[in-house]
Every structure is written in structure tokens, then in C-alpha cells.
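Let me begin by presenting the structure, written as C-alpha cells, before commenting on it.
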Amino acid sequence: MKRIIFLVLALVMVVSCSKDDEASIIGTATADGGNVLSGITVKLYSENAALLRSTTTLSDGSFSFTGLSAGNYYVGATITVGDVVWDSGNTPQLVYVSDEIVKEIALTLTQK
């Protein structure tokens, strides 16, 4: 009986201590001196510059990429307002995330 209780407790501890190895990148993006917040396209690239995901900012300029594996990622953003293109530059921001980490970044887009 003691062995069964010990095995059950050991199993419960192993299951409860297993960790979720997913990381997230969250942030905000703004353009035109902070006047434009929503609708900015934010792209997530792998370390070798392959496009992984794309999203648009919410009304407060926020965006997120979740469920990421540990590693290096590039994040860039762009929006066109009228005839003016705003973007985060030719070199997207390099972000490293590791297991169970939420990395916060801020992107400020400039007129091109």
C-alpha cells in the first residue's frame, strides 16, 4: 500500500512539475509620432529571415506572438497611411526568447 501511495505521489509531482516550453513576444508599435496605433502590420521572422507569422496591432498598438520555441527572431512592422509608408527600417529588431519567457518590445515606425 505504501508503494502505491508513493508511486501516485511521484507521478503527481512529475506531472505538476513538467513545464511548458513556449515563449512569447509581446509589444507595441506606433507610427506618425504615436498618432497611428491600430492596423500596423507586424511580422515575425526566423533567424534565417524566413517569414513565420504576421499580425496587425490592436487599437492600443499592441501585438503578440505566442507559442514560440526558444531562439532568435526578427520582428518588423509597416503601415501605409495615405501615400506615406511607415516602417521599422531595413533591419528588423532581433529578439531572443527562451523557454517560458515573455519578451516585451516596442517598435517605432519612421516615414520612408
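For clarity, every value in this text was computed on a predicted model and none was experimentally measured.
- Of all heavy-atom pairs between Ser38 and Ile79, the closest is O-CD1, 3.9 Å.
- Between the side chain of Thr57 and the main chain of Gly39, a donor-acceptor pair closer than 3.5 Å is present.
- Follow the hydrophobic side-chain contacts under 4.5 Å out from Leu109 and you reach Val81 in the same cluster.
- Contact detail for Thr41 and Ser54: the closest heavy-atom pair is CG2-OG, 3.5 Å.
- When all heavy atoms are compared, the tightest approach of Ser64 to Ile26 is CB-CG2, 3.7 Å.
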CA sep, side-chain torsions, deciding dist, call: Val75, Val42, side chain to side chain contact (heavy atoms under 4.5 Å, CB included): CA-CA 7 Å; Val75 180; Val42 183; 3.6 Å; yes

Residue pair Tyr73, Leu68: steps toward the side chain to side chain contact (heavy atoms under 4.5 Å, CB included) verdict: CA-CA 10 Å; Tyr73 296 91; Leu68 304 174; 3.8 Å; yes

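- Nearest heavy-atom pair, Lys112 versus Gly89, reported as atom, atom and distance to 0.1 Å: NZ-CA, 4.2 Å.
- Using modelled atom types, no side-chain atom of Asp32 and backbone atom of Gly34 make a donor-acceptor pair closer than 3.5 Å.
- When all heavy atoms of Ser46 and Tyr74 are compared, the closest pair comes out as O-CD1, 3.4 Å.
- Thr78 has its side chain within reach of Val85: a pair of non-hydrogen atoms, C-beta onward, lies under 4.5 Å apart.
- For the pair Ser88 (side chain) and Thr108 (backbone), a donor-acceptor distance under 3.5 Å is absent.
- Listed for the Thr66 side chain is no donor-acceptor partner under 3.5 Å among the backbone atoms of Ser24.
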Trace of the side chain to side chain contact (heavy atoms under 4.5 Å, CB included) decision for Phe65 with Leu52: CA-CA 10 Å; Phe65 296 105; Leu52 299 175; over 6 Å; no

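- Contact detail for Val97 and Ser69: the closest heavy-atom pair is CG2-O, 3.8 Å.
- For the pairing with Phe63, the side-chain contact (heavy atoms from CB on, under 4.5 Å) check across Leu58, Ile40, Leu44, Thr55 returns one residue only, Thr55.
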